[in-house]
There are 2 protein chains.
Amino acid sequence: MIGNTKIDKTDRKILKILQANGKITNAKLSEEIGLSPAPTLERVKKLENSGIIKSYHAELDSAMLGLGVNTFVQVSLKGHNKPNIETFLSRISDIEEIIECHHITGSGDFILRIVAKDIASYQQLMLEKVSDIDIVDSLQSMVILSTFKNSKEVPVPADN
Amino acid sequence: MIGNTKIDKTDRKILKILQANGKITNAKLSEEIGLSPAPTLERVKKLENSGIIKSYHAELDSAMLGLGVNTFVQVSLKGHNKPNIETFLSRISDIEEIIECHHITGSGDFILRIVAKDIASYQQLMLEKVSDIDIVDSLQSMVILSTFKNSKEVPVPADN
DNA sequence: AGCATTTGCAAAATATTCTTCGGTTCAAAA
DNA sequence: TTTTGAACCGAAGAATATTTTGCAAATGCT
């Protein structure tokens, strides 16, 4: 067996807190869940080793970094076969402005999440690096005007 | 003046590293950027106080939590006026399964990111809590089949 | 039930890390 | 040249993380 994964109420509390604040000290975390530091740390380590906690990240303010354009793009490929898909993925995997790529059901084949400095550099990126891929059939951009919710916290359901 | 914000090459290194690993110790971070711990911490604090670093989060494995369904939903409202938009936002703001909501250009008015345990609970959520909002005109769900890229790291451009 | 085993926890000791405080260098401006 | 300020370093003290030990309750087995 690789890893046992029983999540109890205390673990769920921990997960909720660490999603909201990944940099909380173990001491404060233990206070909030009503345990002493030692077993608290033990639980966190177990959650990390089991893979339930995948990683920790700093979230930046993209506007302050000069990344003013934020979009979703629906991509359709000319053929939906495996080699085409793999070609597409390998072409976009190195483009750091493309921060998400999901294979989806529905009208398009993929949906991308892209950030860019401005419309000009966004256009350049799309023309030179995405439209350029010859198996790309159609692109539909959705520019984000404003974001009302952007939670880094996923609900943690009771597993029953 | 609120906060001065000059980002140099070292700051960009720090931002890149903290995006990838929000829990790195200040000691290791200082090693990686070639500085001693003291000025490293000073820079991190400055980036936090300026708002460039907004927060830190643990990233969880949603599949391991039993959240097997992951979707994007395009939402069109019946009227695009301000009261309608505000009504819509207030209705969805409390739904924790809706983890993102963006106002967008294009065919729809909003795009949502939703997580659910399974198709049944997803359907229930959509029917009872989203379709139910009477100013919602149309919904188009895109179910994520697989995710090829899900970077928590935004490119940090040189500001020139 | 009775015994052994496991699990979860707390307290204390140790190790690591953070954080602050002078002191130094360096470059730009007066 | 002198001054000023910014950025850095090293060391010391404070806070934190981590390990170890031992206890108690729950669990499993005969």
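Predicted model, so just to flag it, every value in this text is computed and none were measured. Here is how names work: the chains are called A, B, and so on, in the same order as the sequence lines, proteins then strands, and each is numbered from 1.
In this structure, CG in B:Leu41 is found 11.5 Å from CG in B:Leu35, a value given to the nearest 0.5 Å. Remark: A:Phe72 CZ to A:His102 NE2 distance equals 7.5 Å, nearest 0.5 Å. Between B:Ile98 atom CD1 and B:Ile92 atom CD1 the span is 5.0 Å, to the nearest 0.5 Å.
For B:Val156, the side chain to side chain contact (heavy atoms under 4.5 Å, CB included) partners are A:Leu60, A:Leu65, B:Arg12, B:Leu15, B:Gln19, not counting sequence neighbours. Remark: A:Met64 engages A:Asp61, B:Thr5, B:Ile52 in a side chain to side chain contact (heavy atoms under 4.5 Å, CB included) (not counting sequence neighbours).
Contact annotation: A:Lys45 side-chain N/O to D:dA17 OP1/OP2 distance is not under 4.0 Å.
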Exercise answer: donor-acceptor pairs, residues 122-135 of chain B side-chain atoms, under 3.5 Å, sequence neighbours excluded:
{"from": "B:Tyr122", "atom 1": "OH", "to": "B:Thr71", "atom 2": "OG1", "distance (Å)": "3.2"}
{"from": "B:Tyr122", "atom 1": "OH", "to": "B:Ser141", "atom 2": "OG", "distance (Å)": "2.8"}
{"from": "B:Ser131", "atom 1": "OG", "to": "B:Met126", "atom 2": "O", "distance (Å)": "3.1"}
{"from": "B:Asp132", "atom 1": "OD2", "to": "B:Arg91", "atom 2": "NH2", "distance (Å)": "3.2"}

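Judged by distance alone, the side chains of B:His80 and B:Asp109 do bring a donor and an acceptor atom under 3.5 Å apart.
Salt bridge A:Arg113/B:Glu100: present, at least one basic N to carboxylate O contact under 4.0 Å. Contact check on B:Arg43 versus B:Asp8 returns a salt bridge, with a Lys/Arg side-chain nitrogen under 4.0 Å from an Asp/Glu carboxylate oxygen.
Taking a heavy-atom distance under 4.0 Å as the criterion, the stretch of DNA chain C touched by chain A extends 5' to 3' from C:dG8 to C:dA11.
None of B:His57, B:Lys23, B:Glu59 except one satisfies the side chain to side chain donor-acceptor pair (under 3.5 Å) rule with A:His57; the exception is B:Glu59.
Contacts of residues 24-43 of chain B with DNA chain C (heavy atom under 4.0 Å): B:Thr25, B:Asn26, B:Ala27, B:Ala38, B:Leu41.
End-to-end axis angle for the helix from C:dA1-D:dT30 to C:dA30-D:dT1, using five pairs per end and rounding to 10°, comes out at 30°.
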